[in-house]
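These notes concern the structure reproduced below.
Order of appearance sets the numbers: ligands from 1, and atoms from 1 within every ligand.
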Amino acid sequence: MRAVRYHGPEQPFRLEEVARREPQADEVLVQVTAAGMCHTELHFKSGLLNLGITPLTMGHEVVGRIAAVGAGVSPERLGERVIVYYYVGCGRCRHCRVGDEHLCPQLGAEYGFISDGGYAEYVTVPARNAVPLPETIADVEAAPIGCGVTTAVHALKLAQPQVGEWVVVYGVGGVGFGLIQLARATGARVIAVGRSAAKLDKARELGAEITVNAREAAVAERIRELTGGAGADIIFECVGTAETMEQASKALGRRGRLVFIGYSLDSFTVHPIQLVVFEQQVLGSVGATLHDLYEAVDLVARGVVRTVVDRTLPLEQFEDGLNALERGELVGRAVLIPGTPDSERE
Ligand SMILES: NC(=O)c1ccc[n+]([C@@H]2O[C@H](COP(=O)([O-])OP(=O)(O)OC[C@H]3O[C@@H](n4cnc5c(N)ncnc54)[C@H](OP(=O)(O)O)[C@@H]3O)[C@@H](O)[C@H]2O)c1
Ligand SMILES: [Zn+2]
Ligand SMILES: [Zn+2]
């Protein structure tokens, strides 16, 4: 089968012919129909994120159909439309025992990070990681749920926005669009910060009450103004550069929660006195639980959250998708369509 593979930091991804892995006991083979492209893939490419596993098939937002089942999996699942939960915890550690397998220190697999992912015609995963998709959600529309929406669901639970609180979504992309809608649905007041008019228009359409263009306004000052001087209760940092982290820190109010989702090469600096006297919290949020994915699917099925797909591309045009993402041209996700393999065309 064809797959887009990572070969190490600062190396280009390559489309290659690789063997697909047949499903073992309790596993399913998923024929991929849609694979979302996440900004994290750019961090692999640049070398910022280096998990040391090469070569590796990229892609952790994966939707498809069950094409084969291993021993112990009901043949009734053949043909089922599914979305992949990309972590496989050890199942025994204290994090796995309470369902936090995204924190497992001994992951058995993490598709698109340390295990072969979904930029491919097929991916093989445990049956429990193949989460059923309702018919009302189309494959392409579903792809960004796998990371974009689940990350938003998870981060929201950590930050716990309250009715009427000011929530800033800093960076309106794949993850940010999910956060805007979820925060709005909780009754919070949402300010979206971005750099392009098209993305900020989309942010307003999805429920941001106010948008701030970082190219046109001093972000922290503007947030202070908008909140009557109080500052934001929650800031979801989806960029993580020196500039955005400084603005976010300056815009954070008393008891404010600064939640890191995005990152760059830059480090975060804050004087503890700020955290002490304003009782602020700095949090990190990574990935999601299997339960978060079930909830994310349900939120999209119920229309509480809409995914945003800018374009679809055949697998071989992955480079165009990555370039567009890197240049900031995408409003939402680019989704790869691996297509029907020649061997199975009628
Ligand atoms: N923690 C997790 O579990 C998790 C999960 C998924 C992704 N991530 C990380 O989270 C970050 C966002 O991911 P994503 O997939 O949502 O990326 P994305 O779709 O590229 O969105 C990021 C957005 O940030 C905007 N941006 C960049 N610099 C900015 C600035 N200085 N001021 C305001 N906005 C700015 C970009 O818009 P412009 O280009 O128009 O400025 C872009 O729309 C990435 O670092 C990714 O690796 C983390
Ligand atoms: Zn991702
Ligand atoms: Zn574990």
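- A donor-acceptor contact under 3.5 angstrom links the side chains of H60 and E41, judged on distance only.
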So H102 and H95, ring pair (Phe, Tyr, Trp, His ring centres under 6.0 Å) or not? Walk me through it.
CA-CA 8 Å; H102 63 297; H95 303 291; 8.4 Å; no
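- Not a single donor-acceptor pair under 3.5 Å links the side chain of E225 to the backbone N or O of R222.
- Relative orientation of the Y263 and H43 rings is tilted, given thresholds of 30° and 60° on the angle between their planes.
- No donor-acceptor pair under 3.5 Å is formed between the side chain of E279 and the backbone N or O of L275.
- The residues lining ligand 1, counting any heavy atom closer than 4.0 Å, are C38, H39, T40, H43, C147, T151, Y170, G171, V172, G173, G174, V175, G194, R195, S196, K199, A214, C238, V239, E243, T244, I261, G262, Y263, S285, V286, G287, L325, G328, R333.
- With R81 contributing its side chain and I137 its backbone, the two residues share a donor-acceptor pair below 3.5 Å.
- More than 12 heavy atoms of other residues, nucleotides or ligands shown are found within 6.0 angstrom of CZ on R302.
- Ring geometry for F13 against Y6 counts as perpendicular: the plane angle is over 60°, on a 0 to 90° scale with 30° as the lower cut.
- At least one test fails for R254 against the ring of F278: distance under 6.0 Å to the centre or angle within 45° of the axis.
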Would E237 and T244 satisfy side-chain hydrogen bond (donor to acceptor under 3.5 Å, both in side chains), going step by step from the backbone distance to the final call?
CA-CA 8 Å; E237 232 294 15; T244 64; 2.6 Å; yes
Could you walk me through whether F260 and F268 pass the ring pair (Phe, Tyr, Trp, His ring centres under 6.0 Å) check?
CA-CA 10 Å; F260 278 98; F268 176 55; 5.1 Å; yes
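- For the Zn ion (ligand 3), the set of protein N/O/S atoms nearer than 2.8 Å consists of C90 SG, C93 SG, C96 SG, C104 SG, ordered by chain and number.
- Note: F113 and Y86 meet the aromatic proximity criterion, with ring centroids under 6.0 Å apart.
- For the Zn ion (ligand 2), the neighbouring protein N/O/S atoms at less than 2.8 Å, given as residue and atom, are C38 SG, H60 NE2, C147 SG.
- For S249, the side chain to side chain donor-acceptor pair (under 3.5 Å) partners at least two apart in sequence or on another chain are Q274.
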